[in-house]
Amino acid sequence: MRLLYILGGLLSTHTVLAAPAPAPVANPMPMPTPPGLPSSSSAKSQLAGLTVKAAVDDGKYKRSLFPTWDTITGTCNTREYVLKRDGTGVEVGSNCYPTSGTWVSPYDGGKWTAPSDLDIDHMVPLKNAWISGANDWTTSKREQFANDIDRPQLWAVTDNVNSAKGDKSPDAWKPPLESFYCTYASAYVAVKSYWELSITSAEKSALSDMLGTC
């Protein structure tokens, strides 16, 4: 009986000693914040000022009508510029293509170390812009829109999430992370407001709901 007691004590001590120490919790990487994001109150005011009307699809949209990617600085084109801007610890080669870095996709929280896993998403999809006013623009103006780094139009995001979004507006698609709804809607409204693009009533309703999460 005494032997069993001693063995039990040894096993208990061994169990305590073998228990792993809790792993330290790393600080979460910050989400990218492109320029021009309005406050939630400003976004709500901008939303109220947008023209609401039915989208007009003339069937003439082509991706090539919105030329990308322009050279932004040095050898960096728009895609490479955004990857460098939105990543952490990004190192680039002489051609500006990232050779290392870490990116967090704000749409879904995905963390990536290979730039090939990322797309540069147009917050307001190019086709959506076309059917809400950009069909009347010059190609030069559409090029400026497609390469706009001064407003929250371009985001480095997980490639398959971007594919799922496609050319959908917020009434048809929302980012997987509900915690990003406020930022997503604020960015979307800011871009539509600056470029004076219209929204449909369904878009406005969806954006208003998303801004309600701010």
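Remember, predicted model here, so these are calculated numbers, not experimental data. Note that the numbering runs from 1 along the sequence shown for the chain.
Counting only heavy atoms from C-beta outward, the side chains of Thr139 and Phe66 never approach each other to under 4.5 Å. Proximity of Ser100 to Val90: side-chain heavy atoms (C-beta onward) are nowhere separated by under 4.5 Å. In this structure, Leu118 and Trp155 have side chains that are not in contact, with every pair of non-hydrogen atoms separated by 4.5 Å or more. Ile120 is listed as a side-chain neighbour of Leu83, based on a closest heavy-atom distance under 4.5 Å. Counting heavy atoms from C-beta on, the side chains of Asn135 and Lys60 never come closer than 4.5 Å. Side-chain contact between Arg63 and Thr68: present, with at least one pair of heavy atoms (C-beta onward) separated by less than 4.5 Å. In this structure the side chain of Arg151 never reaches within 4.5 angstrom of the side chain of Pro34, judged on heavy atoms. Side-chain atoms of Leu47 and Ile199, non-hydrogen and from C-beta on, do get closer than 4.5 Å to each other.
The CG atom of Leu154 lies 12.0 Å from the CG atom of Asp119; values are rounded to the nearest 0.5 Å. A distance of 5.5 Å separates CG in Asp57 from CD1 in Ile131, rounded to the nearest 0.5 Å. For the atom pair CD of Glu143 and OG1 of Thr78, the computed distance is 8.5 Å after rounding to the nearest 0.5 Å.
Screening residues 202-214 for side-chain hydrogen bond (donor to acceptor under 3.5 Å, both in side chains) gives Tyr188-Glu203, Lys192-Glu203 as the qualifying pairs, with residues at least two apart or on separate chains. For the ring-ring contact (aromatic ring centres under 6.0 Å, His included) condition, no pair includes a residue of residues 35-58, sequence neighbours left out. The side-chain hydrogen bond (donor to acceptor under 3.5 Å, both in side chains) pairs that include a residue from residues 163-177 are Asp121-Lys165, Lys165-Tyr184, Ser169-Asp171, where partners are two or more places apart or lie in different chains. Residue pairs that meet the disulfide bond (SG atoms under 2.5 Å apart) test with at least one member in residues 83-194, sequence neighbours left out, are Cys76-Cys96, Cys182-Cys214. The ring-ring contact (aromatic ring centres under 6.0 Å, His included) analysis of residues 193-214, with sequence neighbours excluded, yields the pairs Trp137-Trp195, Phe145-Trp195.
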- Task: Begin from the C-alpha positions of Leu126 and Tyr61 and carry the test side-chain contact (heavy atoms from CB on, under 4.5 Å) through to its verdict.
- Result: CA-CA 9 Å; Leu126 302 182; Tyr61 167 77; 3.6 Å; yes

- Query: Would Ile149 and Tyr81 satisfy side-chain contact (heavy atoms from CB on, under 4.5 Å), going step by step from the backbone distance to the final call?
  - Reply: CA-CA 9 Å; Ile149 59 171; Tyr81 176 91; 3.8 Å; yes

- Task: Start with the C-alpha gap between Thr158 and Asn160, add the side-chain angles, then the distance that decides, and say whether side-chain contact (heavy atoms from CB on, under 4.5 Å) holds.
- Result: CA-CA 6 Å; Thr158 301; Asn160 61 351; 3.0 Å; yes

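When atom types are taken as modelled, the side chain of His122 and the backbone of Gln153 share no donor-acceptor pair closer than 3.5 angstrom. A donor-acceptor pair is defined here as one N or O able to donate and one able to accept, closer than 3.5 Å; such a pair exists between the side chain of Thr75 and the backbone of Ser94. Judged purely by atom type and a 3.5 angstrom limit, Arg142 uses its side chain to pair as donor or acceptor with the backbone of Leu65. No donor-acceptor pair closer than 3.5 Å links the side chain of Asp70 to the backbone N or O of Ile72. Put simply, the side chain of Thr99 gets close to the backbone of Glu91: a donor and an acceptor are under 3.5 Å apart. Between the side chain of Asn147 and the backbone N or O of Pro67 there is at least one donor-acceptor pair closer than 3.5 Å.
Heavy-atom contacts from other residues, nucleotides or ligands closer than 6.0 Å to NZ of Lys84 number 12 or fewer.
Considering every non-hydrogen atom in both Ala190 and Gln46, the closest pair reads CA-OE1, 3.4 Å. For the residue pair Arg79 and Pro115, the shortest heavy atom distance occurs at NH2-O, 3.0 Å. Between Pro175 and Tyr181 the shortest heavy-atom distance is O-CE1, 3.3 Å. The two residues Ala129 and Leu197 make their nearest non-hydrogen contact at O-CD2, 3.8 Å. The two residues Pro106 and Leu177 come nearest to each other via the heavy atoms O-CD1, 3.7 Å. Nearest heavy atom pair, residue Lys111 against residue Thr102, reads CE-CG2, 3.5 Å.
Side-chain contact of Trp130 with Asp58: a donor-acceptor pair under 3.5 Å is present, judged by distance alone. No side-chain donor from either of Ser45 and Ser42 sits under 3.5 Å from a side-chain acceptor of the other. For the residue pair Thr138 / Ser140, no side-chain donor-acceptor distance below 3.5 Å is found, with atom types taken as modelled.
By the criterion of side-chain heavy atoms lying less than 4.5 angstrom apart, applied directly or through intervening Ile, Leu, Val, Met, Phe, Trp or Tyr residues, Tyr97 is not grouped with Trp112; the two fall into different hydrophobic clusters. A continuous path of Ile, Leu, Val, Met, Phe, Trp and Tyr side chains, each step under 4.5 Å between heavy atoms, connects Val52 with Leu207, placing both in one hydrophobic cluster.
Qualifying side chain to side chain donor-acceptor pair (under 3.5 Å) partners for Ser193, counting only residues two or more places apart in sequence or in other chains: none.
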